[in-house]
Visitor: 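Pasting in a structure now, in structure tokens, and then I'll have a few things to ask.
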Amino acid sequence: MTGRVEGKVAFITGAARGQGRSHAVRLAEEGADIIAVDVCKPIVKNTTIPASTPEDLAETADLVKGLNRRIFTAEVDVRDYDATKAAVDSGVEQLGRLDIIVANAGIGNGGDTLDKTSEYDWQEMVDVNLSSVWKSVKAGVPHMIAGGRGGSIILTSSVGGLKAYPHCGSYVAAKHGVVGIMRSFAVELGQHMIRVNTVNPTHVSTPMIMNEGTWKLFRPDLENPGPDDMAPICQMFHTLPIPWVEPKDISNAVLFFASDESRYITGVTLPVDAGSCLK
Ligand SMILES: NC(=O)c1ccc[n+]([C@@H]2O[C@H](COP(=O)([O-])OP(=O)(O)OC[C@H]3O[C@@H](n4cnc5c(N)ncnc54)[C@H](O)[C@@H]3O)[C@@H](O)[C@H]2O)c1
């Protein structure tokens, strides 16, 4: 039996850990080779989220190789268009083609209300979570068009790209913008049989929320909160009685969009949100 993305090549940003790593592994399990990029160092000024490392990216590479798939890795800041393009170009040169782009890299924010957000933090958020999504697609899409086989582009937005949460206005604005990028690319690239969609996750159990700063943001009433203290608050956002989803839940949605099972689906937002958008 062949895999659901057998013989395809996927370019994934933010692939050192978290959802990006999970997407790399899930797509590799179903037969894809991977071009994986990540910045692998601290880049955010006002954050409590620990940075990813070169070792994280190496671990993603080992996991993909363990599935007998090929992987090309590069340490790249996706805010840098030229460096991102150089990485994709090298990856395609090695792996031969490009069929799937997963623009997943992103940062959280410091938890300020919008009226207290500094211009620096606003700009940093927009640069990473909005502009870099556009740059990542722009860097990869010429290879898809040149391949003449169509393709699938999946952008990681958020439930915060469909509705607002307090204390993360710059994130919400950027993630709404990602939906706009998706719709614009979808209407422009449809003629090439290239589909463009977003996944819109609720809380996902990755270092982005599993850190002290986020626990404190959710439980300002406690001195030393942990994940168990955050869980009941997270669960209040949901219709299903769970606090968060796992990276593989998002990867399965990414895989569906990447595979031909969704061949005529383009321009849609797919919440993987335990019913958060119902509330
Ligand atoms: N975790 C959640 O609750 C949640 C919910 C909804 C959406 N998201 C989104 O999902 C995506 C993946 O996040 P995650 O949960 O896996 O978090 P994560 O922090 O574990 O992973 C994000 C990865 O992106 C990389 N990255 C960040 N900025 C980069 C840059 N400029 N260049 C290259 N790489 C960069 C980081 O190094 C890290 O490895 C993000 O876009 C995030 O906004 C996360």
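Just so you know, these numbers use all the heavy atoms, side chains as well, and skip hydrogens, waters and symmetry mates. Order of listing sets the numbers, starting from 1, for every ligand and every atom in it. Keep in mind that this is a model prediction, so the values were computed, not measured.
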Visitor: Within the 4.0 Å heavy-atom shell around Gly106, which atoms of ligand 1 are there?
Guide: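 Near Gly106, meaning under 4.0 Å from one of its heavy atoms, ligand 1 has 22 (C), 24 (O), 27 (C), 40 (C), 41 (O).
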Visitor: Where's the contact between Trp244 and ligand 1, heavy-atom distance under 4.0 Å: side chain, backbone, both or neither?
Guide: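 Neither part.
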Visitor: Taking NZ, NE, NH1 and NH2 as the nitrogens, is one of them in Asp33 or Arg70 under 4.0 Å from a carboxylate oxygen of the other?
Guide: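 Counted as a salt bridge, because a side-chain N and a carboxylate O are separated by less than 4.0 Å.
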Visitor: Are any side-chain N or O atoms of Asn200 and backbone N or O atoms of Gly160, one a donor and one an acceptor, separated by less than 3.5 Å?
Guide: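 No, because the side chain of Asn200 does not come within donor-acceptor range (under 3.5 Å) of the backbone of Gly160.
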Visitor: Taking only heavy atoms of Val76 into account, list the atoms of ligand 1 that are under 4.0 Å away from them.
Guide: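 This gives 32 (N), 33 (C) as the contact atoms.
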Visitor: Can you list the atoms of ligand 1 that are under 4.0 Å from a heavy atom of Gly18?
Guide: 16 (O), 20 (O)
Visitor: So is Ser157 close enough to ligand 1, meaning a heavy atom under 4.0 angstrom away?
Guide: yes
Visitor: If the threshold is 4.0 Å, N to carboxylate O, is there a salt bridge linking Asp260 and Arg195?
Guide: no
Visitor: Just to check, does Arg21 reach to within less than 4.0 Å of ligand 1 when the distance is taken from its heavy atoms?
Guide: no
Visitor: Just jot down the ligand 1 atoms closer than 4.0 angstrom to any heavy atom of Ser158, in number order.
Guide: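 Answer for ligand 1: 6 (C), 7 (C).
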Visitor: Run down the list Val159, Thr156, Asn211 and name the one with the heavy atom closest to atom 9 (C) of ligand 1.
Guide: Thr156
Visitor: What do we get for Asn104 next to ligand 1 when only non-hydrogen atoms under 4.0 Å count, side chain, backbone, both or neither?
Guide: both
Visitor: Do any N or O atoms from the side chain of Thr266 and from the backbone of Val196 form a donor-acceptor pair under 3.5 angstrom?
Guide: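 At least one qualifying donor-acceptor pair exists.
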Visitor: For ligand 1, which atoms sit closer than 4.0 Å to a heavy atom of His203?
Guide: 3 (O)
Visitor: Taking heavy atoms and a distance under 4.0 Å, where does Asp56 meet ligand 1: side chain, backbone, both or neither?
Guide: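 Answer for Asp56: neither.
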Visitor: I'd like to know if Arg69 and Glu6 make a salt bridge, using a cut-off of under 4.0 Å between side-chain N and carboxylate O.
Guide: yes
Visitor: For ligand 1, find out whether one of its N or O atoms is nearer than 3.5 Å to an N or O atom of Lys175.
Guide: yes
Visitor: Determine, using heavy atoms of Thr202 and all atoms of ligand 1, whether some pair is separated by less than 4.0 Å.
Guide: yes
Visitor: Tell me the contacting part of Ile43 for ligand 1: side chain, backbone, both, or neither, using a 4.0 Å heavy-atom threshold, strictly below.
Guide: side chain
Visitor: Using a 4.0 Å heavy-atom cut-off, which part of Pro247 comes near ligand 1: side chain, backbone, both, or neither?
Guide: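 No part of Pro247 is near ligand 1 at this cut-off.
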Visitor: Heavy-atom pairs closer than 4.0 Å: do any link ligand 1 to the side chain of Thr206, the backbone, both, or neither?
Guide: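 The answer is the side chain.
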Visitor: So that I know where these two stand, are Phe237 and Tyr165 an aromatic pair - ring centroids less than 6.0 Å apart?
Guide: yes
Visitor: May I ask you to identify, for Val78, whether its side chain, its backbone, both or neither come under 4.0 Å of ligand 1 on a heavy-atom basis?
Guide: both
Visitor: Looking at ligand 1, does Pro207 have a heavy atom less than 4.0 Å from it?
Guide: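 Per 4.0 Å heavy-atom rule, Pro207 contacts ligand 1.
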Visitor: Just going by heavy-atom distances, which of Gly161, Gly14, Gly20, Ser136 is nearest to atom 24 (O) of ligand 1?
Guide: Gly14
